[in-house]
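Structure first, then comments.
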Amino acid sequence: QSSSTSISDDYLSDVHTLFDDEPSITWDQLVNLDKKSLITLQKQCSEVGPLRLKVQSHTDVDTSITHYYFNDDVLMRASISESLDVDDVPRSIVVHQIVTPKILRNHLLCLSHDVPLSGHLGMEKTRQRLLNHFHWKGVNTDITDFCNSCDKCQKLGKGYKKSLAPLQPLPILNKRF
């Protein structure tokens, strides 16, 4: 790729310098994010960076449990997920997720929930869409908070379901009115 379509390491360090408390990235930068830049962001992230140092090689891990590994130096997570096949028979599948640095999380939440093609479909479908490809510590809480704070969903009445009063049987009267 040409240098104009990817984010350079120097530029990424400038982004971190400008936003010390809340690093951010523009949509254009996100669209043009390449593997080298993702690796750099993972290394610079205060949550993901230390995790990268603890990960063992993929061959040293019991692959029947959830674990972290490297795929071409990108930190990944293999998660065992239970699902139903066509005949409603439970089966286990392995989902490979990119461990996401903080700087990308808000954009990924927006893409999973806010973009017109996403359709503001609620927490569970946003969770499914996001967790098919990405993971970070506290992802479920972040999804819940993001969906509950979505202005459009609040206006459309999505979000918290009102609990209905339990139905109670009425006594049968033997007397006429």
Side-chain angles (χ1 to χ4, degrees), residues 1 3-55 58 66-83 93-156 158-160:
Q1 284 186 335
S3 60
S4 64
T5 61
S6 66
I7 301 172
S8 70
D9 292 337
D10 295 333
Y11 184 75
L12 290 173
S13 63
D14 290 343
V15 170
H16 283 283
T17 308
L18 290 172
F19 304 97
D20 288 332
D21 296 317
E22 262 321 296
S24 67
I25 191 168
T26 67
W27 284 103
D28 289 335
Q29 292 169 327
L30 181 66
V31 168
N32 294 321
L33 190 71
D34 61 1
K35 184 169 39 171
K36 182 180 174 188
S37 300
L38 175 62
I39 294 167
T40 302
L41 289 173
Q42 282 185 335
K43 288 178 180 177
Q44 291 176 346
C45 180
S46 60
E47 284 182 15
V48 180
L51 182 59
R52 288 179 59 87
L53 300 175
K54 295 179 183 178
V55 174
H58 193 45
T66 298
H67 62 280
Y68 294 92
Y69 67 97
F70 289 107
N71 182 1
D72 289 334
D73 207 28
V74 174
L75 183 60
M76 302 286 291
R77 178 178 183 256
S79 175
I80 311 303
S81 178
E82 297 294 324
S83 69
I93 58 169
V94 179
V95 178
H96 298 277
Q97 304 161 307
I98 297 171
V99 179
T100 309
K102 286 181 183 180
I103 196 170
L104 302 176
R105 295 175 185 174
N106 197 42
H107 288 299
L108 292 174
L109 286 165
C110 286
L111 286 171
S112 301
H113 181 76
D114 288 355
V115 174
L117 292 175
S118 298
H120 293 270
L121 295 176
M123 280 182 266
E124 195 54 41
K125 289 185 179 177
T126 301
R127 182 173 287 115
Q128 289 171 356
R129 187 175 292 127
L130 193 64
L131 291 178
N132 279 337
H133 305 285
F134 303 99
H135 174 77
W136 62 83
K137 183 180 178 181
V139 65
N140 288 314
T141 303
D142 289 350
I143 292 169
T144 300
D145 293 345
F146 189 86
C147 292
N148 284 337
S149 65
C150 175
D151 188 47
K152 252 188 190 166
C153 289
Q154 299 305 313
K155 288 178 181 175
L156 293 172
K158 294 182 179 183
Y160 294 111

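Small disclaimer: the values here were computed from a predicted structure and weren't measured. As a basis for the values below, the full set of heavy atoms in this structure was taken, side chains included, without hydrogen atoms, waters or symmetry mates.
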Notebook entry, point to check: Among Leu131, Thr144, Leu109, Leu108, whose side chain to side chain contact (heavy atoms under 4.5 Å, CB included) with Val139 holds?
Noted result: Leu131

Margin query: Working to the nearest 0.5 angstrom, can you tell me the gap between Ile143 CD1 and Leu130 CG?
Written below: 4.5 Å

Check: What are the two closest non-hydrogen atoms of Pro101 and Val48, and how far apart are they?
Finding: CA-CG2, 3.9 Å

Check: Phe146 vs His113 aromatic rings, parallel, tilted or perpendicular, using cut-offs 30° and 60°?
Finding: perpendicular

Check: Nearest 0.5 Å, what's the CG-SG distance between Asp145 and Cys150?
Finding: 13.0 Å

Checklist line | Partners meeting salt bridge (Lys or Arg N to Asp or Glu O under 4.0 Å) with Lys35 (sequence neighbours left out) | finding: Asp72

Next item on the list: Would you check if the side chain of Asp34 reaches a backbone N or O of Ser37 as a donor-acceptor pair within less than 3.5 Å?
Entry: yes

Next item on the list: With the side chain counted from C-beta on, respond yes when Cys45 and Thr100 share a heavy-atom pair under 4.5 Å apart, and no when they do not.
Entry: no

Notebook entry, point to check: Is the shortest heavy-atom distance from the side chain of Trp136 to the side chain of Arg105 under 4.5 Å?
Noted result: yes

Margin query: With rounding to the nearest 0.5 angstrom, report the CD to OG distance, Gln128 to Ser112.
Written below: 11.5 Å

Check: side-chain contact (heavy atoms from CB on, under 4.5 Å) with Asp73: which residues, sequence neighbours excluded?
Finding: Ile39, Lys43, Arg52, Phe70

Margin query: Ignoring hydrogens, what is the shortest heavy-atom contact between Ile98 and Met76? Give both atom names and the distance.
Written below: CG1-SD, 3.7 Å

Checklist line | Sub-4.5 Å side-chain heavy-atom contact between Asn148 and Met123 | finding: yes

Notebook entry, point to check: Within a strict 4.5 Å, meaning less than it, do heavy atoms of the Val94 and Ser79 side chains meet?
Noted result: no

Item checked: Salt bridge Glu124-Arg129, side-chain N to carboxylate O under 4.0 Å -> no

Margin query: Assess the residue pair Lys102 and Glu47 against the criterion (side chain to side chain contact (heavy atoms under 4.5 Å, CB included)); give the C-alpha distance rounded to whole Å, side-chain angles, the decisive distance to 0.1 Å, and a yes or no.
Written below: CA-CA 8 Å; Lys102 286 181 183 180; Glu47 284 182 15; 3.2 Å; yes

Note to self: Does any part of the side chain of Leu33, heavy atoms only, come nearer than 4.5 Å to the side chain of Leu104, both counted from C-beta?
What the structure shows: yes

Next item on the list: Could you grab the distance from atom NE2 of His107 to atom CG of Asp114, nearest 0.5 Å is fine?
Entry: 12.0 Å

Check: If you take all heavy atoms of His96 and Tyr69, which pair is closest and at what distance?
Finding: ND1-OH, 2.6 Å

Margin query: Any non-hydrogen side-chain atom of His135 less than 4.5 Å from a side-chain atom of Tyr68?
Written below: yes

Margin query: Working to the nearest 0.5 angstrom, can you tell me the gap between Thr126 OG1 and Leu111 CG?
Written below: 11.5 Å

